[in-house]
Amino acid sequence: MTAVAAPSVASLVQSVDWLAIAPPTIAAVVALGVLVADLFLGERRKALLGWVSVAGLAAAALALLPLLDGDRSTFCLKTLKGEQAACSYTADHFTLVIQFLVLAGALLTALLSITGIKDAKNTPRALPEGEFWFLLLSSAAGAALLPASRDLATLVVALEVASLPAFALVGIKRDDRRSSEAALKFFLSSVTATTVTLLGVSFVYATTGTLHLTKIATALTHVDGQFQTLAQAGVALTLVGFAFKTAATPFHFWVPDTYVGAPLPVAAYLSVIGKAVGFSGIILVTVVAFPSYADVWGPALAALAALTMTVGNVAALRQQATRAYSAVRLLAWSSVGQAGYLLVPIAAAAYSKDADKAIGSTVAYALMYAAVNLGAFAVAALVARTKPLNRISDYRGLYASRPLAALVLGFFLLSLAGLPPGIIGLFAKVTVFSAAVDAGLGWLAVVMAVNVVIALYYYLRWTATLFRPAEGEQPVHRVPAPLTAAIGLTAVIGVALSGAPQIVLRFASTGLF
C-alpha cells in the first residue's frame, strides 16, 4: 500500500517561483492594502488611495521586466525523479504580452477614475473610494493571472476573480437605477455563462482525467470512441464563458446597457481588459488544450466571428446622434464589432499550419485596440464633464473649443476604422485579414471586408461631427492632470505605433508558446 501511495504523494510536491507570479501578486497585495487603509483614512485624505493604486499598478507592470529573459513556470507537479510533469502557472511570451496589456490598461483606467471620483465627490452620486480602488485592483489581479494559467481550474478561478469585482464596479453608483440594472443584467448573464463553462470543464475532466492544459491536449488524442461525443460537448461548452467575456454574439446583449450604466472609466475597463481576459482564455483552451478538436472549435469560432462583427457594426450604424448616451452606446456596439475581428485569427488557427502566427495577429490587434479604445473613452470622459448625457451631437464643434482633444479623438476613431493617419488600425486589420486568407477562410475575409466598410460610415460620421460649427457657445473648463495624462499617453502610443506598426506584430507574435 505504501509503495503505491508514494508516487502520488511525490507528484504533488510543487515549486513556487515568486518572481514569476509577482505581477498579479503585487496588484492583489496593493488591493488589500488599499482596503485596509480606507478604514483609517479621513475623507480628506482618501484621494491618496487613487494614487497608491496607480503606483501599485505601475509596480506590477514593472515587475514584468525581470521576466523577459526567458519562460518561467511555477506551481509545477513533479515526479519522484524530480522531473517536471505539468505546471499551473507559466510566464511565457504570450503571458507577458497580455499581462502588459491588462496592467497598462488598468493603469490608464485608474487615471481616468481619479478624475471621475473627484468630480462626483460631494454630489448625490459620489463613489465610495476605498471600495472602488479595491475592486479595480482585485479585478486587474485576476485578469493578470488568467493568461498565465495553464490548468482549467486556475483559468476558471482567474476568470471569476476578474469578473466578480467588475459586477460591483458596474453597480457602484449608489441610488442610480440605471447602474443597478446594468450590474444585475451583467451578473446574471455572466453567472449563466460560467455555469455552462463549468459543465464543459467537468465533461473534459471526465474524459481526460486531468485539468492541466498540456495533459488534456495529449489525452484528447486517445479518447475512447464511446466518449467522443462527451469530449466534443465539453470542448464546446468550455468556450462559452470566455465567449461571454469577449462579448461575442449571441453573448453580447449585456454590453450596451452595462456600458451606459457603469461609470465611464469602468466601461472603458470592460471594453479592453474584459476582452483581453476573454480572448486569452479562448486562445489557451483552443490552441493549447484542444488542438486535436480544431474541427469542433474552428468552425464554431469562425461563425461566431462573422456573426459578432455583423451584429456589432449594424447596431452601431443605427445609433442616433441626439439620443442620450449615444456616444457610449456607439463605442459599446463598436467594441462588439471589434470582438468579431479579434476572433478571426483564432478561428484561422484551427486551419493554419502556423497557429502562432495566427494568434499573433489577434494579440497585435488587441494591443492596437486597447490603446485607441481607451483613448476614445478618455476623450468621452472629458466631454462628459460638461455634457453628462454624452450624445454624439454633444461633440459638435469640439474642434473649436478643444482642438487638441478633437484631433486626438479623430485619430482614435480613424484608427478603429482602419484609415490613415491611424496606420496602426489599418495595419492591424490587414494582419487579421491575411490570417483568414492564409487559412483558407475566404468567406470570412469577405464578411470582414463588408463589415469594415459598414464601420467606416459611423466612425467617419462621428469624426466629421467634431469639426462642424458649434451650436451656441461651448463651455471650456480646465482639464484635470490625470485625465490629461490618460489622453496624452494613449495618443502618444497610438501615434508611435502608427509610425512603426511592424513593432507590434513582431512583439506580439514572436515565440508566443
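The structure displayed is predicted, hence computed values, not measured ones.
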Visitor: Less than 4.5 Å apart, any side-chain heavy atom of Val97 and any of Phe100?
Guide: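 Sidechains of Phe100 and Val97: no contact.
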
Visitor: Is a side-chain donor or acceptor of Ser280 paired with a backbone partner of Pro147 at a separation under 3.5 angstrom?
Guide: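 A pair under 3.5 Å: no.
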
Visitor: Quick one: does any side-chain atom of Thr308 pair with a main-chain N or O of Thr249 as donor and acceptor, under 3.5 Å?
Guide: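 At least one qualifying donor-acceptor pair exists.
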
Visitor: Got a list of side-chain donor-acceptor pairs under 3.5 Å for residues 444-454, not counting sequence neighbours?
Guide:
from   : atom 1 : to     : atom 2 : distance (Å)
Asn451 : OD1    : Thr310 : N      : 3.3
Asn451 : OD1    : Asn313 : ND2    : 3.2
Asn451 : ND2    : Thr310 : OG1    : 3.3
Asn451 : ND2    : Val447 : O      : 2.8

Visitor: Verify the distance criterion only: is there a donor paired with an acceptor across the side chains of Ser334 and Tyr459 at less than 3.5 Å?
Guide: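 Present: a donor and an acceptor within the cut-off.
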
Visitor: Check whether Thr154 reaches the backbone of Arg150 with its side chain - one donor and one acceptor, N or O, closer than 3.5 Å.
Guide: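 Judged by distance alone, no pair lies under 3.5 Å.
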
Visitor: Which atom pair, heavy atoms only, marks the closest approach of Ala110 to Val54?
Guide: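 Residues Ala110 and Val54, closest heavy atoms: CB-CG2, 3.8 Å.
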
Visitor: With a 4.5 Å limit on heavy-atom distance, are the side chains of Tyr259 and Leu331 in contact?
Guide: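 Side-chain contact under 4.5 Å: no.
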
Visitor: Does a donor on one side chain and an acceptor on the other come within less than 3.5 Å for Ser139 and Tyr269?
Guide: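 A donor-acceptor contact under 3.5 Å links the two side chains.
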
Visitor: When you measure from the side chain of Ser498 to the backbone N and O of Ile424, does any donor-acceptor pair fall under 3.5 Å?
Guide: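 A pair under 3.5 Å: yes.
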
Visitor: Hey, is the main chain of Phe227 close enough, under 3.5 Å, to the side chain of Thr207 for a donor-acceptor pair?
Guide: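 Not a single qualifying donor-acceptor pair exists.
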
Visitor: Drop me the distance from Leu103's CG to Leu108's CG, to the nearest 0.5 angstrom.
Guide: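 Going from the CG atom of Leu103 to the CG atom of Leu108 covers 11.5 Å.
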
Visitor: Name all pairs fulfilling the side chain to side chain donor-acceptor pair (under 3.5 Å) condition that reach into residues 363-378, sequence neighbours left out, sorted by first residue then second.
Guide: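 Passing the test, one end in residues 363-378: Ser271-Asn373, Gln338-Tyr365, Tyr365-Lys429, Tyr369-Asn373.
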
Visitor: For Tyr457, I'd like to know if atom OH has over 12 heavy atoms of other residues, nucleotides or ligands within 6.0 Å.
Guide: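 Counting other residues, nucleotides and ligands, OH of Tyr457 stays at 12 neighbours or fewer.
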
Visitor: Using side-chain heavy atoms (C-beta onward) and a distance below 4.5 Å, is Leu270 in contact with Val170?
Guide: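 Touching, per the 4.5 Å side-chain cut-off.
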
Visitor: Mind checking whether Leu199 and Thr238 have side chains closer than 4.5 Å, heavy atoms only?
Guide: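 SC-SC contact between Leu199 and Thr238 ruled out.
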
Visitor: With sequence neighbours left out, write down each residue that passes side-chain contact (heavy atoms from CB on, under 4.5 Å) with Ala31, or none if nothing qualifies.
Guide: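 With neighbours one apart ignored, the set is Phe134, Leu137, Ser138.
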
Visitor: Without swapping roles, check the side chain of Ser113 against the backbone of Pro265 for a donor-acceptor pair under 3.5 Å.
Guide: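 Flag not set: sc Ser113 to bb Pro265 has no pair under 3.5 Å.
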
Visitor: Any idea how Trp254 and Phe186 line up, ring-wise: parallel (<30°), tilted (30 to 60°), or perpendicular (>60°)?
Guide: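 Taking Phe186 first and then Trp254, their aromatic rings lie parallel (interplane angle under 30°).
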
Visitor: Quick one: closest heavy-atom pair of Leu304 and Pro250, and the distance?
Guide: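 Minimum heavy-atom separation between Leu304 and Pro250: CD2-CD, 4.0 Å.
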
Visitor: Which atom pair, heavy atoms only, marks the closest approach of Lys215 to Ala86?
Guide: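 Closest approach of Lys215 to Ala86: CE-CB, 3.9 Å.
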
Visitor: Rounded to the nearest 0.5 Å, how far apart are OH of Tyr458 and CZ of Arg318?
Guide: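 Tyr458 atom OH to Arg318 atom CZ measures 13.5 Å (nearest 0.5 Å).
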
Visitor: Taking all non-hydrogen atoms of both residues into account, name the closest pair between Phe279 and Thr246 and its distance.
Guide: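 Closest pair (atom of Phe279, atom of Thr246, distance): N-CG2, 3.5 Å.
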
Visitor: Distance-only criterion, 3.5 Å: show the donor-acceptor pairs between side-chain atoms of residues 281-295 and protein atoms not counting sequence neighbours.
Guide:
from   : atom 1 : to     : atom 2 : distance (Å)
Thr286 : OG1    : Ile282 : O      : 2.6
Thr286 : OG1    : Ile283 : O      : 3.3
Tyr293 : OH     : Gln228 : OE1    : 2.8

Visitor: Work out which heavy atom in Leu342 is nearest to a heavy atom in Thr362; give both atom names and the distance.
Guide: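 Between these two residues, the closest heavy atoms are O-OG1, 2.9 Å.
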
Visitor: Test side chain to side chain contact (heavy atoms under 4.5 Å, CB included) on Ser335 and Val255; report intermediate values, then the result.
Guide: CA-CA 9 Å; Ser335 75; Val255 173; 4.1 Å; yes

Visitor: What distance separates Gln99 CD from Leu146 CG, expressed to the nearest 0.5 Å?
Guide: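 CG of Leu146 is found 10.0 Å from CD of Gln99.
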
Visitor: Is a side-chain donor-acceptor pair under 3.5 Å present for Lys245 with Ser163?
Guide: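 A pair is found: one side chain offers a donor N or O, the other an acceptor, under 3.5 Å apart.
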
Visitor: Give a yes or no on whether the backbone of Ile216 and the side-chain of Thr210 come within a donor-acceptor separation of less than 3.5 Å.
Guide: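 Answer holds: no.
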
Visitor: What residues form a side-chain hydrogen bond (donor to acceptor under 3.5 Å, both in side chains) with Asp257, not counting sequence neighbours?
Guide: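 side-chain hydrogen bond (donor to acceptor under 3.5 Å, both in side chains) list for Asp257, sorted by chain: Lys185, Arg329.
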
Visitor: At their closest point, which heavy atom of Tyr351 faces which heavy atom of Ala439, and how far apart are they?
Guide: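 Minimum heavy-atom separation between Tyr351 and Ala439: CB-O, 3.4 Å.
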
Visitor: For residues Leu419 and Leu460, determine if any side-chain heavy atom of one lies less than 4.5 Å from a side-chain heavy atom of the other.
Guide: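 Side chain of Leu419 against side chain of Leu460, heavy atoms only: contact under 4.5 Å found.
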
Visitor: Sequence neighbours left out, what passes side-chain contact (heavy atoms from CB on, under 4.5 Å) with Ala193? Give chain and number order.
Guide: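 Testing Ala193 for side-chain contact (heavy atoms from CB on, under 4.5 Å), a comparison that skips the adjacent residues, returns Val240, Phe244.
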
Visitor: Taking the side chain as every heavy atom from C-beta outward, state whether Phe251 and Ser189 have any pair of such atoms under 4.5 Å apart.
Guide: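 Heavy-atom side-chain distance check fails, nothing below 4.5 Å.
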
Visitor: In Å and rounded to the nearest 0.5 Å, what is the CD1 to CG distance from Ile487 to Leu374?
Guide: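 Here the rounded value is 12.0 Å.
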
Visitor: Tell me, do Leu169 and Pro263 make a side-chain contact under 4.5 Å, heavy atoms counted?
Guide: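 Side chain of Leu169 against side chain of Pro263, heavy atoms only: no contact under 4.5 Å found.
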
Visitor: Without swapping roles, check the side chain of Asp224 against the backbone of Gln226 for a donor-acceptor pair under 3.5 Å.
Guide: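 No, the answer is negative, given that no donor and acceptor are paired below the 3.5 Å cut-off.
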
Visitor: Kindly say whether Phe187 contributes a backbone atom to a donor-acceptor pair with the side chain of Ser190 at under 3.5 angstrom?
Guide: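 Judged by distance alone, no pair lies under 3.5 Å.
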
Visitor: Could you tell me if the side chain of Val161 sits less than 4.5 Å from the side chain of Val157, heavy atoms only?
Guide: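 The answer is yes, as the side chains (C-beta and beyond) meet within the 4.5 Å cut-off.
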
Visitor: If you round to the nearest 0.5 Å, how far is CG of Leu65 from CG of Leu96?
Guide: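 If I round to the nearest 0.5 Å, the distance is 10.0 Å.
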
